[in-house]
Each structure stands twice: as structure tokens, then as C-alpha cells.
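Some notes on the structure that comes next.
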Protein chains: 2
Amino acid sequence: MVTIADVARHAGVAASTVSYVLSGKRSISSDTRERVQRSVRALGYRPNASARALASQRSNVLALVIPLRTGMHVPVMMQFAAAVVTTARRYDHDVLLLTADEGPEGLQRVAQSSLVDALVVMDVELDDERVPVLRELPMPSVLIGYPADSEGLTCIDLDFVAAGARCVDHLADLGHRSMALLGTPSAVYERQTGFAQRTLTGFAEAAGQRGVVGVETPCEHTFAAVLGTVERLLHDHPDLTGLVVQNEPIIGPLLDVLRRLGRRVPEDMSLVAICADDVAERQVPQLSSVTIPAERIGALAVESLITKLSGAEAPELTLLPPEFTARGSSGRADDSDTTTGQGERTVDRRA
Amino acid sequence: MVTIADVARHAGVAASTVSYVLSGKRSISSDTRERVQRSVRALGYRPNASARALASQRSNVLALVIPLRTGMHVPVMMQFAAAVVTTARRYDHDVLLLTADEGPEGLQRVAQSSLVDALVVMDVELDDERVPVLRELPMPSVLIGYPADSEGLTCIDLDFVAAGARCVDHLADLGHRSMALLGTPSAVYERQTGFAQRTLTGFAEAAGQRGVVGVETPCEHTFAAVLGTVERLLHDHPDLTGLVVQNEPIIGPLLDVLRRLGRRVPEDMSLVAICADDVAERQVPQLSSVTIPAERIGALAVESLITKLSGAEAPELTLLPPEFTARGSSGRADDSDTTTGQGERTVDRRA
DNA sequence: CTGAAAGCGCTAACAA
DNA sequence: TTGTTAGCGCTTTCAG
């Protein structure tokens with residue numbers, strides 16, 4: 001293993017000079033700089049991460065805490081994790097992967113041992129036991145999602161209230177008077193996960209404002225559950241013509257169920273989803289949808305941390321306005337032939 | 001931040017004694033041990049990870065390199081990553097997440113800077129440019145999947161050759177004489193990913209041995225692709241009665257397509273999948289399948305690394321025998337009413 | 001069974 | 001513009 005002393009000797013300078021050339025923290029004559037850089041390359045020198053961290057009090061590692069529970073849509077999480085890693089690398093940081101089942105103790109462990117410099121915590125619940133711990137930790141953190149009390153924290157999320165409302169508005173604009181929200185599995189609501197709850201709030205509020213009927217129901221991930229739920233909805237609300245889905249895994253089965261039940265999309269039933277764009281585009285017909293901006297959230301989270309690590313402030317709560325794209329799955333009520341324009345995208349600024 | 005010196009002072013012993021109490025590397029009188037442990041708890045002491053790593057030459061961190069490319073089934077990867085993290089924690093290690101797009105250089109970076117002690121590399125291709133780098137690295141690694149030349153490496157994988165063969169055998173045993181392998185998107189074959197290739201080999205070999213017709217085709221992830229592929233298959237091979245699917249995202253659409261085309265499962269068409277158990281069980285009808293043992297592979301990978309870190313040897317190539325479970329999607333050829341037993345599980349020992 | 005002390009490889013004052 | 005030096009907090013010889 002080649003050390004900074006080796007490089008210094010090879011270049012005929014002091015070790016600190018090598019250090020400064022590498023960090024750029026003080027000006028170096030271009031002559032010595034080049035000599036040092038040549039030695040670095042010649043010897044294949046890589047600074048030892050532990051020594052650097054010990055001396056500088058910075059590990060350049062961020063913790064990423066991912067949920068391992070049921071009801072989360074996995075591909076979205078992966079997208080998110082990938083964005084976190086990629087963005088972290090752009091700022092010369094690495095990412096330590098933690099699973100949520102280590103609990104608050106896990107956060108303390110990596111933080112208090114200085115394994116990491118900062119934390120990204122996903123899937124935050126309204127009353128999350130990790131939040132008080134994060135508040136006490138001697139390092140910055142950012143939450144994806146936000147708890148009931150976000151005072152003093154940095155939280156980033158899609159504005160699910162606005163997203164739910166946006167879906168209602170779209171359907172109401174098309175003349176639909178009765179619509180349902182097909183939500184996540186009930187376990188997700190029960191553990192008070194913010195995003196599911198908030199979509200529901202936005203959905204209900206907007207339905208009230210628009211004077212349309214809006215019913216809500218959770219839905220499990222099995223085909224049987226989808227079939228049962230839809231049948232019940234149609235039975236209880238025979239005039240239902242609009243469906244909002246926030247539950248990616250059931251989208252395929254749902255389209256299938258509607259087909260089985262003889263409901264054409266969008267002629268007999270308009271569908272709007274809250275899901276990743278590629279999922280919406282993969283369906284037949286393609287789904288009008290509010291996108292889940294996993295990559296943007298991941299990148300934003302890391303950037304907030306980098307900001308905070310540099311001593312600056314980051315906003316307390318960042319809610320991304322929903323981006324809606326009309327596709328083939330939604331059309332006018334009472335008009336079996338017309339669909340909305342393809343690919344028209346709007347950004348809701350109510351956030 | 002409380003240091004080992006603080007603990008030593010508090011307990012009235014030397015710092016080295018505290019260290020030895022914590023590591024158990026030399027015998028300590030139960031009296032001092034307890035005194036030290038009390039102090040540790042009283043002060044809330046956590047050893048500094050960088051200092052420990054610098055002094056001991058061990059970071060207790062494993063690198064996990066995940067693919068970020070198309071064609072990989074994301075939930076399986078997550079399962080795998082989760083198993084790696086969970087198992088690593090059991091051996092008191094953490095996991096650093098790297099994306100494959102950092103390439104061989106990324107491996108060198110984390111290894112040569114001593115950021116990690118060992119590496120797990122997923123999605124290895126037959127001729128993977130990371131393999132020569134791994135061979136040179138001064139630390140152990142394990143590959144998930146295996147390259148053409150696995151000499152001197154440690155590789156773990158499902159035995160996909162046996163898995164492909166197992167599916168053929170199952171269908172042939174049921175009397176099917178003409179079957180097709182619906183594989184991964186063609187991009188996966190083109191980049192010479194081992195698992196896709198090997199399943200195909202096993203499928204073809206077994207078909208030859210059993211004297212049945214076996215055709216193979218890749219299939220993209222869109223509904224249209226599934227429809228087109230199945231229609232073409234049925235047109236070119238009107239006597240086709242068995243389908244082997246190695247492509248999780250298309251399973252839902254495939255069942256839908258078969259329904260549309262009026263082929264009942266399993267009466268008119270028997271289906272066998274190579275996929276995670278929960279996916280197989282979620283379908284209607286439930287799918288006979290060879291499971292993808294993501295968790296076992298993840299756990300095995302970490303355990304191999306821990307073994308190697310302790311100086312012991314690990315086997316060069318570990319191929320897990322396929323576990324087959326018969327469910328409702330496969331039945332006898334020419335027998336519209338009978339299906340195989342539910343849940344009968346067999347383990348193929350040919351590996 | 002325990003303590004003292006020498007590093008591990010780097011950064012960042014402090015000096016020049 | 002560069003060099004000298006004192007740590008960072010721990011592990012592990014070496015001594016006793």
C-alpha cells in the first residue's frame with residue numbers, strides 16, 4: 001500500500017504538500033503541483049479513507065436508510081437509491097446502505113461512530129420513532145416524506161395532497177361526477193405512512209370542492225383483492241366513471257379486471273394513476289398519471305445534505321408540485337369516443 | 001464525542017484495557033471487565049470507526065455493487081441487497097452501495113482506499129471487465145453469477161442450466177411434446193449475461209434429451225411485445241402446449257394475453273416460471289415455478305466473504321440446485337381437467 | 001492480568 | 001509558497 005509519505009519522497013516534497021495538492025486547500029506553485037501529481041500517478045497512490053476520515057473528521061459517506069416493508073413499491077425505491085448513490089458520487093461521497101429494521105439504534109450506531117457524515121431516511125411515518133433520534137444526532141439528515149411535526153428537520157417529498165387533488169381535478173374537468181381512489185394496502189395506512197394519508201386528504205378535499213362523489217378504498221396486492229375491490233366499488237357505486245390508482249403493483253391486474261368486467265378504458269371508465277412514468281407508459285392504454293419523481297427527490301436529498309455539511313441552511317420542507325401527464329386512459333364522461341390530448345403535461349403550482 | 005480515553009479514565013484503567021474488553025482479544029478479570037462495561041454504558045461510548053479502521057486495517061465494511069441496467073428484475077435485486085445488508089450486520093459489518101456504472105475503476109477506488117474490506121459484485125457477465133480487476137485487488141470478493149473463466153474467483157449462483165432443464169422435465173413428464181422458452185429481453189442476451197444464456201442451454205439440452213420440441217425467444221417488457229411474441233409462437237408452432245418463462249415483469253401480461261387468445265391455463269397451455277415465489281403465488285392461477293433464491297444467495301455471498309476475511313478458503317463455484325414447486329399453472333397434456341399436485345416441492349441434485 | 005507507548009496514514013495548524 | 005509537527009482515536013506489540 002503506497003502512502004502519502006511515499007508520494008512525498010518520490011516528488012521530493014513534504015507530505016503536507018502532497019495533501020494540499022490533493023485537497024486544493026492552499027495555493028501551490030504549478031511546478032510542485034505537477035511534480036506531485038506525476039508522482040501520485042506514477043505510484044498509483046490512493047489516500048487511505050480511514051486515515052483521512054480520522055484526521056479530517058469527515059468520512060465522506062452518507063447513510064441511506066431504506067424500508068424493507070410490505071406495501072412499498074420496490075422499483076421506485078431502487079430508482080431512488082440509485083439517484084442517491086449517483087448524486088452522492090458527484091459530490092465525492094459514498095453511500096452506506098442501512099435497512100430500516102435496525103431502527104433508531106442503527107442511526108445512532110453509524111452516526112455516533114462517525115461512520116457517516118449525514119443521513120437520508122426514507123419512508124418516514126407521521127409519528128416516526130426515528131425522528132427524535134435524528135433531532136439529537138450531531139449531524140445533518142434529510143427525510144423523504146415528513147412526519148406530523150417537521151420542525152427543525154429537512155424533509156423532501158412529492159406533494160401528495162396536491163397530487164390527489166390534481167387527479168380529481170383532471171377527472172372532474174372531463175365531466176366525471178363519481179370517482180374512487182384505489183389506494184395502497186391497508187397496512188400502509190395503518191402504520192400512518194404520510195404519503196398514502198395525504199393523497200387521500202387531497203383526493204377528498206378536491207372532491208368536496210368540485211362537488212363530485214369521491215370514495216376511497218385500500219387495496220392489497222393480489223389479483224383476487226383487486227377483483228373483489230373493483231366489484232364492490234361498482235356494486236356500491238354503479239355510476240362510477242373515474243378511478244384514481246395509487247398502488248403500482250395492482251395496475252396490471254386492475255386493467256385486466258376492468259376488461260373482464262366489460263368496462264372499456266377510457267370509454268366506460270377513466271383511469272388516472274400516481275406512479276412512475278415508465279409504468280404508466282407500459283400499459284395498454286397508456287395511463288394518464290402524476291409521476292413519482294424518485295430521481296429528483298433522491299438528487300435533492302443528497303444536495304440538501306451536501307449544503308448542510310458545508311454549514312449552510314437547507315429548507316425545512318420541500319414539496320415537489322405534482323407533474324400530470326394526460327395519456328390514453330382518461331376521457332370525457334358521457335362521451336365514449338374522445339380522449340384527452342396525448343402527452344400534455346401540466347405542473348400544479350398549488351404546493 | 002466520548003473517546004476510549006474518557007472511558008479508561010472513568011473506569012480507572014488503561015485505554016488498552018478498554019480496547020481489550022471490547023474486542024475480547026485477551027482475558028480480563030471479570031472485575032475490571034464489568035467496571036469497564038459499566039463505564040462504556042454510563043458514558044454512551046461508541047468506538048470511532050475511522051480510528052478503529054486505521055489502527056486495525058479493517059473497516060468492517062463490505063462493498064455491494066448493484067447493476068442499474070435494463071432487463072434486471074428489480075424486486076429480486078432488492079431482496080438480494082436486503083439479504084446482503086442483513087447478513088453483513090449479523091457479522092458486524094456494514095454495506096457500502098456502489099452502482100455498476102462506476103465500472104472497474106469504482107472497485108479499485110473503494111478497495112485501494114481501504115474504504116471496504118471485501119466486495120460483492122452482482123450481475124456478472126460472461127466476459128466481465130471487472131473480473132481481471134477483482135483478481136488483482138488485495139482483498140476478497142465474491143461474484144453473483146459467474147464469468148466464462150471463474151478460475152481463482154468465488155462465484156455463487158442459481159444453477160440456471162439445471163433450472164432450465166428442470167422446467168423442461170416437468171413439462172415433458174406431464175406429456176408435453178412442444179414447448180417454448182420465453183426469455184429475457186434480447187439486450188440481456190446480447191450483453192452476454194450468464195444467467196439468461198445458461199437457462200437457454202439447459203432448456204435446449206433437456207429438450208433434446210427428452211426428445212421434445214423446444215423453441216426459444218427473447219421478449220421485451222411491453223404488453224405489445226408479449227402479445228406479438230406469443231402470437232408468433234402460436235402461429236409458428238400450433239401444437240405448442242408448454243411455456244417456460246424467465247422474465248418476471250411479463251408474467252402478468254402473459255397471463256392476460258393467453259386469456260385474450262382464448263388459451264386456458266393450464267387446460268390449453270401449461271406454464272412454468274423461473275421467478276421469485278411470491279410472484280408465482282400472486283398469479284391466477286398460481287404458477288408452477290423454479291424459485292430464485294435471492295436471499296440465500298445474498299446470505300451465502302456475505303458468509304463466503306466473512307470466511308475469506310478470516311483467512312480461510314471459500315469454494316470457487318457454488319451453484320444452488322433449483323427448487324421446483326408445482327402449482328396450478330401446469331397440467332397434463334391432452335387432459336383438460338387434471339393439474340399436478342399443489343405445493344409438491346423437489347430439489348434437483350444434478351448441479 | 002494489566003499498563004505504557006508506538007504507530008496506523010492523514011490533515012491542518014503553526015512556522016518560516 | 002513550502003516544511004515541520006502535533007494530533008485524530010484506536011489497536012497491538014512489548015514490558016511487567
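A, B, ... follow the sequence lines: proteins, then strands. Residue 1 opens every chain. Values reported hereafter were calculated over all heavy atoms of this structure, with side chains retained and with hydrogens, waters and symmetry mates removed. Note that this is a predicted model, so its numbers are computed, not measured.
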Look at the side chain of B/Ser19 and decide which nucleotide, out of D/dT11, D/dC14, C/dG9, has an atom nearest to it. D/dT11
Report the end-to-end axis angle of the helix from C/dC1-D/dG16 to C/dA16-D/dT1; each axis comes from five terminal pairs, and the value is rounded to 10°. 40°
Please check if atom CD in A/Glu151 has more than 12 non-hydrogen atoms from other residues, nucleotides or ligands closer than 6.0 Å. no
Looking at A/Thr32, does any N or O in its side chain come under 4.0 Å of the phosphate oxygens OP1/OP2 on D/dT1? no
Round to the nearest Å and state the distance from B/Arg46 atom CZ to D/dC10 atom C1'. 17 Å
Without decimals, in angstroms, what is the distance between A/Leu54 CG and C/dA12 C1'? 13 Å
Do B/Asp101 and B/Thr99 pair up side chain to side chain, a donor and an acceptor below 3.5 Å, judged on atom types alone? yes
Spacing of B/Arg26 atom CZ relative to C/dG3 atom P, expressed in whole Å: 8 Å
If every non-hydrogen atom of A/Ser304 is compared with every non-hydrogen atom of A/Thr154, which pair is closest and at what distance? CB-CG2, 4.3 Å
Please figure out whether B/Gly12 or B/Ala55 has its closest DNA chain C nucleotide nearer the 5' end. B/Gly12
Measure the distance from CZ on A/Arg35 to C1' on D/dG3 and round it to the nearest whole Å. 13 Å
So what does A/Ser16 touch, heavy atoms closer than 4.0 Å: a base, only the sugar-phosphate, or nothing? base
